[in-house]
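Have a look at the structure below, then the notes.
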Amino acid sequence: MQVKHLLLIAILAMTAACSSTKEVVDENLSEVELYQLAQKDLDNNSYTSATAKLKALESRYPFGRYADQAQLELIYANYKNAEPEAAKSAAERFIRLHPQHPNVDYAYYMKGLTSFDQDVGLLARFLPLDMTKRDPGAARDSYNEFAQLTSRYPNSRYAPDAKQRMIYLRNLLASYEIHVADYYLTRQAYVAAANRGRYVVENFQETPSVGDGLAVMTEAYQALHLDALAATSLETLKLNYPDSPNLKDGQLVPRVAEADNRSWLSKYTLGLISSRPPLPPGETRANQDVMKQFQDAKEAIPSELKPHDANGDVIQEEAPQALGNNEDRSWFSYMTFGIFD
């Protein structure tokens, strides 16, 4: 970040702190005078003063000729004053009090616009933050609020801008789901990753993330050894997105590397000191524990209760190969402590 950006942030913070004192509005001002002063403050970008005068106008003259207009302009003043919750509250109040007002579409639009800008704080304007990796709560609210505007007032003057913002928000929400799916792939949570990828494919059609969703599904199904589902997803990806960066020579390019779940001691000793070997795909520690308990219980059975052959000898059943069995290791592997396996 450049020094001038830091200075700008400091100046704005000091200005906001200095302007936090509550302004006292003259009680002898008429309705027209209050409205004219509020308009002057809005023209001068003095949004805190304008908010105080608009609130005074609404409370002192609730049935006056400027009451409705003051409520609408209060939404704008709060929005420009970086008070998103107050702006949304004012918009919801206007919609509730004036559902048939000719300018109620403006309240719907400002409600969605406030949520749209809510995540873009002061630092986000100067830092290269990836908005697709942030909490999508405000983006989802903004999308739903713009959707209300476009469905109820399709001919509104604000509908075209709202539709363009909805396209951006839809792409952002789809990209967020892909980031979550990539995280699940990294953590080897393949079922969750496949579900996220399928969710993007089913609910975010015509977004750039659909190809990534198909790639996530293919990689997750391959890891789960669901070959039929993996082949179907891969063919769909190649058919609809032949130029996808997830493909190379007709084969899937792994999106993320699996996380190294070894302990720090195992990493620093190059695996010489490791508590337990890593698990293969589809295997769990719980499954290993159950198999060990079964084997221990089997060995504890008295010999007279075990099956015997025709000669009366105990039939020795072949024990399942334990994970990490070292019988097939070469002498080179033993000499190098398994480093070069």
Side-chain angles (χ1 to χ4, degrees), residues 4-98 101-127 129 131 137-139 141-142 145-146 148-149 156-158 161-162 165 169:
K4 63 179 182 180
H5 292 160
L6 292 174
L7 291 176
L8 177 60
I9 294 173
I11 292 172
L12 292 177
M14 293 176 62
T15 303
C18 295
S19 62
S20 60
T21 56
K22 186 175 181 180
E23 180 180 355
V24 178
V25 182
D26 188 358
E27 296 182 357
N28 297 320
L29 294 174
S30 65
E31 180 183 6
V32 176
E33 291 173 331
L34 273 175
Y35 184 75
Q36 291 177 346
L37 289 175
Q39 289 298 310
K40 184 177 180 180
D41 289 336
L42 289 174
D43 294 337
N44 295 330
N45 299 331
S46 300
Y47 300 113
T48 301
S49 299
T51 299
K53 294 180 177 62
L54 290 171
K55 288 182 177 179
L57 173 61
E58 183 186 1
S59 61
R60 296 176 189 177
Y61 307 97
F63 303 105
R65 55 183 296 192
Y66 296 108
D68 295 351
Q69 187 64 26
Q71 293 176 7
L72 284 172
E73 294 182 356
L74 184 61
I75 302 171
Y76 175 78
N78 284 322
Y79 167 74
K80 296 295 290 185
N81 203 31
E83 296 182 2
E85 295 302 329
K88 292 181 68 174
S89 177
E92 291 171 352
R93 181 170 179 266
F94 185 88
I95 294 171
R96 185 174 62 255
L97 295 176
H98 311 284
H101 195 278
N103 294 324
V104 70
D105 58 336
Y106 175 78
Y108 279 101
Y109 175 74
M110 289 302 298
K111 185 180 176 183
L113 187 62
T114 301
S115 298
F116 184 87
D117 290 342
Q118 193 165 355
D119 277 346
V120 185
L122 185 60
L123 292 177
R125 299 179 187 274
F126 302 102
L127 295 177
L129 300 179
M131 300 303 296
D141 291 342
S142 180
E145 288 154 2
F146 282 137
Q148 285 185 348
L149 169 65
S156 170
R157 57 189 294 191
Y158 308 106
D161 181 75
R165 293 178 185 272
L169 290 170

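All values below were derived from every heavy atom in this structure, side-chain atoms included, with hydrogens, water molecules and symmetry-related copies excluded.
- Expressed to the nearest 0.5 Å, how far CD of Glu73 lies from CG of Asp41 amounts to 11.5 Å.
- The CG atom of Asp117 lies 3.5 Å from the OH atom of Tyr79; values are rounded to the nearest 0.5 Å.
- Leu74 has its side chain out of reach of Gln71: every pair of non-hydrogen atoms, C-beta onward, lies at least 4.5 Å apart.
- One distance of note links CG of Asp68 with NE2 of His101; it measures 4.0 Å at 0.5 Å rounding.
- Put simply, CG on Asn103 and OH on Tyr158 are 6.5 Å apart, with the number rounded to the nearest 0.5 Å.
- Across every non-hydrogen atom of Leu54 and Ala77, the tightest pair is CD1-CB, 4.3 Å.
- Checked against side chain to side chain donor-acceptor pair (under 3.5 Å), Tyr47 has the following partners two or more places apart in sequence or in another chain: Asn45.
- Summarising the geometry, atom OG belonging to Ser46 is positioned 8.0 Å from atom NZ belonging to Lys53; distances are rounded to the nearest 0.5 Å.
- The backbone N or O of Ala138 lies less than 3.5 Å from no partner atom in the side chain of Ser142, so there is not a single donor-acceptor pair.
- Screening residues 78-88 for salt bridge (Lys or Arg N to Asp or Glu O under 4.0 Å), with sequence neighbours left out, gives Lys88-Glu145.
- Heavy-atom minimum distance, Ala67 versus Pro62: CB-O, 3.4 Å.
- No side-chain heavy atom of Tyr108 sits less than 4.5 Å from a side-chain heavy atom of Phe146.
- Taken to the nearest 0.5 Å, the CG atom of Asn78 stands 4.5 Å off from the OG1 atom of Thr51.
- Side-chain contact of Asp105 with Ser156: a donor-acceptor pair under 3.5 Å is present, judged by distance alone.
- Of the possible donor and acceptor atoms, one in the side chain of Asn44 sits under 3.5 Å from a partner among the backbone N and O of Lys40.
- A salt bridge is defined here as a Lys NZ or Arg NE, NH1 or NH2 lying under 4.0 Å from an Asp or Glu carboxylate O, and Glu92 with Lys111 meets this definition.
- The aromatic rings of Tyr35 and Tyr66 lie parallel to each other, their planes meeting at an angle below 30°, with 60° marking the opposite boundary.
- For Ile95 against Ala107, the heavy-atom pair with the smallest separation is CG1-CB, 3.8 Å.
- Taking the six-membered ring for Trp and thresholds of 30 and 60 degrees, His98 and Phe94 have ring planes inclined between 30 and 60 degrees apart.
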